[in-house]
Novice: 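Input: one structure, supplied below.
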Amino acid sequence: MNRLLDKERLKLGVCYYPEHWPKEMWREDLERMADVGIEVIRIAEFAWTKIEPQEGRFDYTFFDEFLDLVEETEMKVIFCTPTATPPVWLTEKYPEVLNADVDGSPFYGPRRHYNYNSFIYQKLSGRITEMVAAHYGIRKCIIGWQIDNELNCEKNVFYSESDSAAFRTFLQEKYGTLDVLNEAWGTVFWNQTYTDWEQVYVPRKCYHDTVNPHQELDYIRFISDSVRKFCRMQSEIIRKYQKPGDFITTNGMFGNLDNHQMTAESLDFYTYDSYPNFAYCLDRYSENKSDLKDRKWSRNLAEVRSVSPIFGIMEQQSGANGWNSRMEAPTPRPGQMTLWTMQSIAHGADFISYFRWRTCTFGTEMYWHGILDYSGRENRRFREVKEIHRRLEKMKDVAGSHYEAQVGILRDYDNIWDAQLDRWHQRVEEASRQAFFEAAQKSHTPVDYVYLDHANPEKLKQYKVLIYPHMVIATKEQAECLAQYVEAGGILVIGCRSGYKDVNGKCVMEKLPGVLSELTGTDISEYSMIAPDTGKVTIDWGGTELEANVFADLLKPVHGGFLKGTYTADYYAGSGAVTSRKMGKGKTYYYGSAWNEDTAEIFLEKLGVKTPYKELIEAPECCEIAVRRKGEKRFLFILNYAKEESIVILKTEMKDLYTGKRIKGNISLKGYEVRVILLEE
């Protein structure tokens, strides 16, 4: 058991930068942190030069002095490897460590401007990690390590010469020969055939961005592989020096990276950086009243939970955010810090670390506010953190509990990455992803994200319903895994455009949906994007009207399948739109279109999983409902995202964890208020 997520209680932390402040302020800051209930600080992620001011000359004085002071207190420390920001001396002497744009121009910048595949950067990053871990790892105040900072943030594509060289090695190990590579990439198209490995590069600038899509898919896999190797290199070094009980993590969750595999290889658990205030940035704000705004971060938190069922938040919104060059967002309103903290906890976080303690008075992030403003005086946010700590003390039993969901939304990295490259795939994927999230949130139907490439039939069994909106790339192994789930009693739903690509992203020549045909009992006789002049395309499913969205697969039942719904509009009126097949104790459905919010809600209702807590609570759409379970205890979170008062109805008597009182009937929640209630069996 690690020393942060110990399943005993919820903990608060904060990001602190002693290098930004006079030493005379350190003790006061640590004492004030403790006063509001903060017990963990994260340090050093951007402080390479403080430890290695010149190449090969190491000076531990600065952080030794700070940690000496920390050890006079009860404060604990998460120490970071400082590799997210290479020193100026390093990039000046070794410009090959820099990332490059697609045209080959190098990137210079204040952070995250390196490439993972530079041999010299790997060497120097390994050395600074070794020196830091060896020197500071024995410190009693250190309880864990963060690797780098926000891997793949800022840029998640890499075009340096080092990347092309490493890409060739990656492909040689994967394919062995150029003949196999040429076949996998379909290079005979447009005369792209390679005759020498030196002809192979990472994608380069070309007209209309028409890079070979199969090359691009492998390129993203290569990026993920490069990041994971960089992370694993540091993790293996730290493991040599860490004390028993100390943990290793990293933070963020960014694209072109298999976070599940990285965590399994290198980390004890994952942490996320949660900034719901982005929803209120001037350049992102939506006037649409149905837009879920800050509530959208629940989707991100569900993604994190798929990696680590119990996780930490390394950076939680605490103030206004923005750089001097972009991202302008207001100060959180009274109660919003608490709301966003409880949003994270509701989804599985047992540790919340706020970004940051003091607002920096200089640099690019001088408008990215922390708990304290520039003056450092006690303010509303300071008092709100203190109240949050008081509430967490009353919620100790929540620690170690798991989010409860009957519905799993299936995903896998190959399909995520393919949807980035393929407009046809992207259109249906974005529509359905948004539809299911909004329908689930507004109908109070908790869902998990389940990654099929990191799951097995046993894991899948915990869900009553699994939905894979668009399983474009599909393999026989995945189909067999899903068949075992269905035969054991599960309900599986698969949407249009499924099964038509192989693992290289090439379209298959089997009758569609390819390897999913027998599983779903479906044959797709024809398919089309819904033409822009078509108008509303409707589907009749047993007397219930659905609206097709974006695409239409025309279906026929085969392999024991049954026709459940038909199109009632355009030239495909009368053609199959929904099929179903019984398998063992379970059932599969194939839906021939993409979802909108209303159709997603209808599916949840017809499959018997909509609003699972309706016998206990009735809540308006502006409130999110989440439940965490530990043994026989269940904890109901009610989060009001509205500025105005909301009324929920508790249909049975329950215990309010904040007040200790038993409550029932109409319960008023002020704007942004959260209630956490013990559900008694």
Side-chain angles (χ1 to χ4, degrees), residues 15 17 42-48 78 80-86 91 97-102 106-118 121 125 145-160 163 220 222-232 234-235 248-263 266-267 270-279 281 283-284 296-297 299-301 303-304 307-308 311-317 321-327 329 344 353-356 360 363-365 367-368 413 416-417 420:
C15 304
Y17 299 87
R42 181 194 70 170
I43 63 171
E45 75 268 29
F46 301 126
W48 189 327
I78 300 170
C80 302
T81 65
T83 53
T85 52
T91 55
V97 309
L98 295 170
N99 189 10
D101 205 345
V102 67
F107 275 118
Y108 296 89
R111 70 172 187 175
R112 301 227 58 84
H113 46 290
Y114 66 83
N115 72 77
Y116 299 104
N117 289 301
S118 162
Y121 198 68
S125 293
W145 298 84
Q146 176 187 298
I147 292 175
D148 202 271
N149 185 74
E150 299 184 332
L151 293 162
N152 270 14
C153 180
E154 313 295 343
K155 273 288 184 179
N156 58 18
V157 288
F158 301 85
Y159 302 105
S160 72
D163 293 307
I220 295 176
F222 157 74
I223 292 173
S224 178
D225 184 73
S226 300
V227 183
R228 291 192 290 106
K229 285 179 178 176
F230 186 74
C231 182
R232 188 165 64 246
Q234 295 194 32
S235 177
I248 299 175
T249 188
T250 193
N251 62 317
M253 185 163 278
F254 295 92
N256 294 354
L257 173 57
D258 184 334
N259 292 286
H260 294 71
Q261 187 66 22
M262 181 176 67
T263 300
S266 303
L267 310 176
Y270 206 79
T271 65
Y272 179 61
D273 296 346
S274 187
Y275 289 101
N277 211 30
F278 280 155
C281 277
D283 61 343
R284 303 187 187 189
K296 290 177 183 175
W297 266 253
R299 183 172 65 199
N300 301 347
L301 293 162
E303 289 278 5
V304 179
V307 180
S308 292
F311 57 90
I313 300 293
M314 198 62 79
E315 299 181 14
Q316 179 72 58
Q317 185 89 49
N321 50 275
W323 291 4
N324 69 302
S325 55
R326 63 192 183 102
M327 295 184 293
S344 294
S353 174
Y354 294 102
F355 188 85
R356 48 188 286 170
C360 196
T364 303
E365 288 188 343
Y367 302 130
W368 207 293
Y413 283 102
I416 291 170
W417 296 336
Q420 294 173 197

Novice: Between Arg326 and Glu365, is there a salt bridge with N-O shorter than 4.0 Å?
Specialist: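 A salt bridge is absent here (no side-chain N lies under 4.0 Å from a carboxylate O).
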
Novice: Does a side-chain heavy-atom distance below 4.5 Å link Ile220 with Val157?
Specialist: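 In short, these two side chains do not touch, never coming nearer than 4.5 Å.
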
Novice: Can you tell me how far CZ of Phe107 sits from OG of Ser160, rounded to the nearest 0.5 angstrom?
Specialist: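 CZ of Phe107 is found 11.5 Å from OG of Ser160.
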
Novice: If you measure from the Lys or Arg side-chain nitrogens to the Asp or Glu carboxylate oxygens, is any gap between Arg42 and Glu315 under 4.0 Å?
Specialist: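 Result for this pair is yes, salt bridge flagged.
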
Novice: Working note: Asp273 + Ile313, criterion side chain to side chain contact (heavy atoms under 4.5 Å, CB included); need CA distance, chi angles, decisive distance, verdict.
Specialist: CA-CA 6 Å; Asp273 296 346; Ile313 300 293; 5.8 Å; no

Novice: If you compare all heavy atoms of His113 against all heavy atoms of Pro86, which two are closest, and at what distance to 0.1 Å?
Specialist: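 So the two residues come closest at NE2-CG, 3.7 Å.
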
Novice: When you look at Ile78 and Trp145, which way does the side chain to side chain contact (heavy atoms under 4.5 Å, CB included) test go after all the steps?
Specialist: CA-CA 5 Å; Ile78 300 170; Trp145 298 84; 5.8 Å; no

Novice: Tell me, with the steps shown, if Thr249 and Ile147 meet side chain to side chain contact (heavy atoms under 4.5 Å, CB included).
Specialist: CA-CA 6 Å; Thr249 188; Ile147 292 175; over 6 Å; no

Novice: For the residue pair Tyr114 and Phe230, is the inter-centroid distance of their aromatic rings smaller than 6.0 Å?
Specialist: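 Under 6.0 Å, so yes.
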
Novice: Determine the minimum heavy-atom distance between Trp297 and Ala279, stating which atoms define it.
Specialist: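 Distance-wise, the nearest heavy atoms are CH2-N, 3.9 Å.
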
Novice: Check step by step if side-chain hydrogen bond (donor to acceptor under 3.5 Å, both in side chains) holds for Ser274 and Gln317.
Specialist: CA-CA 6 Å; Ser274 187; Gln317 185 89 49; over 6 Å; no

Novice: Starting at CG of Leu267, measure out to CD of Gln146 and round the result to the nearest 0.5 Å.
Specialist: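 Rounded to the nearest 0.5 Å, the CG-CD separation comes to 10.0 Å.
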
Novice: Do the non-hydrogen side-chain atoms of Tyr17 and Glu45 ever get within less than 4.5 Å of each other?
Specialist: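 Touching, per the 4.5 Å side-chain cut-off.
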
Novice: Quick one: list whatever passes ring-ring contact (aromatic ring centres under 6.0 Å, His included) with Tyr159, sequence neighbours left out.
Specialist: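 Result, ring-ring contact (aromatic ring centres under 6.0 Å, His included) vs Tyr159: Tyr219.
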
Novice: Supply the atom-to-atom distance Phe311 CZ to Thr271 OG1, rounded to the nearest 0.5 angstrom.
Specialist: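 Atom-to-atom, Phe311:CZ and Thr271:OG1 are 10.0 Å apart.
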
Novice: Under the criterion side chain to side chain contact (heavy atoms under 4.5 Å, CB included), I'd like the reasoning laid out for Phe278 against Asn321: C-alpha separation, chi angles, the key distance, then a yes or no.
Specialist: CA-CA 8 Å; Phe278 280 155; Asn321 50 275; 3.5 Å; yes

Novice: Could you pull out the closest heavy-atom pair between Ala84 and Asp148, with the gap in Å?
Specialist: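 Nearest pair, atom of Ala84 first, then Asp148: N-OD2, 3.3 Å.
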
Novice: Do His260 and Tyr413 get their side chains close enough for a donor-acceptor pair, meaning under 3.5 Å?
Specialist: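 Judged by distance alone, the side chains do pair up.
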
Novice: State whether a side-chain donor-acceptor pair under 3.5 Å links Asn259 with Tyr270.
Specialist: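 Distance-only check passes for Asn259 and Tyr270.
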
Novice: Less than 6.0 Å separating the ring centroids of Tyr275 and Trp368?
Specialist: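 Judged by ring-centre distance (under 6.0 Å), Tyr275 and Trp368 do meet the cut-off.
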
Novice: From Ser224 OG over to Asn256 CG, what is the distance, rounded to the nearest 0.5 angstrom?
Specialist: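 Answer rounded to 0.5 Å: 8.0 Å.
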
Novice: Are the side chains of Met253 and Asn300 in contact, using a 4.5 Å heavy-atom criterion?
Specialist: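 No, too far: nothing below the 4.5 Å cut-off.
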
Novice: Given side chains that start at C-beta, do those of Gln316 and Ser353 come closer than 4.5 Å, heavy atoms only?
Specialist: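 A side-chain contact under 4.5 Å is absent here.
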
Novice: If I compare all heavy atoms of Ser344 with all of Leu301, which pair ends up nearest, and what's the gap?
Specialist: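 Residues Ser344 and Leu301, closest heavy atoms: CA-CD1, 3.8 Å.
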
Novice: Calculate, to the nearest 0.5 Å, the distance between atoms CG and CG belonging to Asn99 and Asn115 respectively.
Specialist: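 Rounded to the nearest 0.5 Å, the CG-CG separation comes to 6.0 Å.
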
Novice: Is there a side-chain contact between Asn152 and Ile223, using heavy atoms and a 4.5 Å cut-off?
Specialist: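 They are in side-chain contact.
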
Novice: How about Tyr121 and Thr83: do any of their side-chain heavy atoms sit closer than 4.5 Å?
Specialist: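 When only atoms from C-beta onward are counted, Thr83 and Tyr121 do touch, with a gap below 4.5 Å.
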
Novice: For Ser266 and Arg232, work out which heavy atoms get closest and say how close.
Specialist: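 The pair with the smallest heavy-atom distance is OG-CA, 3.2 Å.
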
Novice: Under the ring-ring contact (aromatic ring centres under 6.0 Å, His included) rule, collect the residues that match up with Phe222, sequence neighbours excluded.
Specialist: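 By the ring-ring contact (aromatic ring centres under 6.0 Å, His included) rule, Phe222 matches Phe167, Phe170.
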
Novice: So do the side chains of Lys229 and Tyr116 get within less than 4.5 Å of each other, counting heavy atoms only?
Specialist: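 Answer no - side chains too far apart.
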
Novice: Any side-chain to backbone donor/acceptor pair from Thr364 onto Trp323? Under 3.5 Å, distance only.
Specialist: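 Judged by distance alone, no pair lies under 3.5 Å.
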
Novice: Applying ring-ring contact (aromatic ring centres under 6.0 Å, His included), name anything that partners Phe46, two or more places apart in sequence or on another chain.
Specialist: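 None.
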
Novice: Under the side-chain hydrogen bond (donor to acceptor under 3.5 Å, both in side chains) criterion, do Asn156 and Arg112 qualify, and how do the steps go?
Specialist: CA-CA 10 Å; Asn156 58 18; Arg112 301 227 58 84; over 6 Å; no

Novice: Side chains of Phe254 and Glu154, heavy atoms from C-beta outward: is any pair under 4.5 Å?
Specialist: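 A side-chain contact under 4.5 Å is absent here.
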
Novice: With side-chain hydrogen bond (donor to acceptor under 3.5 Å, both in side chains) as the criterion, how do Gln234 and Ser125 come out once you've worked through the C-alpha distance, each side chain's angles and the decisive distance to 0.1 Å?
Specialist: CA-CA 8 Å; Gln234 295 194 32; Ser125 293; 5.1 Å; no

Novice: Atom CE of Met314 and atom SG of Cys80: how far apart are they, to the nearest 0.5 Å?
Specialist: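 Nearest 0.5 Å value for the CE-SG distance: 6.5 Å.
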
Novice: Side chains of Asn117 and Asp163: any donor to acceptor distance under 3.5 Å?
Specialist: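 Yes.
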
